Amino acid sequence: MATEFQKRVWDALRLIPKGRVTTYKAIADHLGTRAVRAVGSAVGKNPYAPEVPCHRVVPSDGTLGNYSAPGGPKRKMELLAAEGIKVENGKIAGFETLLFEYERGREDG
DNA sequence: AGCGTGACGAACT
DNA sequence: TAGTTCGCCACGC
């Protein structure tokens, strides 16, 4: 079994719509933490790989980042391509456009 | 309880 | 623009 923190992360990944991508920063902020490291670490420990779209998570840099799964970042790129997300030169095509953000109940905009 | 590491981020040089 | 460094929180030993 995993810790509560990890479950928070994996649950957040499931909120990512298909054909979209999010950033570790967004998740970290969504969880209320500032350590994107802790998030990435939890994502990497994601045992529900096919159930949790960990491949839809990318750094704020717009790059693929890393991938612990058997295949490496290359496999991650193919997974994104299967979602309709194209990757060029190891970076997300239209990253800022496909970027998905979590709602925080903001009303001021 | 303390030290080192990690699927990152932002600032500095 | 590119490379390097510190900080962050949680996990494992």
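Note that the structure is predicted; figures quoted are calculated from it, not measured. Below, chain A is the first sequence line, B the second, and so on; all start at residue 1.
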Grab the [atom1]-[atom2] distance between [X] and [N] for me, whole Å please.
X	N	atom1	atom2	value
A:D29	B:dA10	CG	P	11 Å
A:R8	C:dC11	CZ	P	12 Å
A:W10	C:dC11	CH2	C1'	12 Å
A:H30	B:dC8	NE2	C1'	18 Å

Looking at A:K45, does any N or O in its side chain come under 4.0 Å of the phosphate oxygens OP1/OP2 on B:dG6? no
Within a strict 4.5 Å, meaning less than it, do heavy atoms of the [X] and [Y] side chains meet?
X	Y	answer
A:Q6	A:W10	yes
A:F5	A:V39	yes
A:V9	A:Y24	no
A:K76	A:V58	yes

A:T23 versus A:V57, closest heavy-atom pair with distance: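 Closest approach of A:T23 to A:V57, heavy atoms only: C-CG1, 4.3 Å.
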Salt bridge flag under 4.0 Å for residues A:R20 and A:E83: no
Nucleic acid footprint by protein, nucleotides 4-9 of chain C - heavy-atom cut-off 4.0 Å, B for base, S for sugar-phosphate alone: ---BBB
Go through residues 57-96 of chain A and report each residue with a non-hydrogen atom lying under 4.0 Å from DNA chain B, sorted by number. A:P59, A:S60, A:N66, A:Y67
Among B:dG6, C:dG12, B:dA10, the nucleotide that comes nearest once only the side chain of A:K25 is considered: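 It is B:dA10.
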What contact category does A:T23 fall into here, base, sugar-phosphate, or nothing, at under 4.0 angstrom with non-hydrogen atoms?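 The answer is nothing, as A:T23 stays clear of every strand by at least 4.0 Å.
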Using the side chain to side chain contact (heavy atoms under 4.5 Å, CB included) criterion, which residues pair with A:L79? Sequence neighbours excluded. A:H55, A:Y67, A:R75
With side chain to side chain contact (heavy atoms under 4.5 Å, CB included) as the test, would you mind laying out the steps for A:R8 and A:H30 before giving the verdict? CA-CA 9 Å; A:R8 302 278 179 189; A:H30 176 69; over 6 Å; no
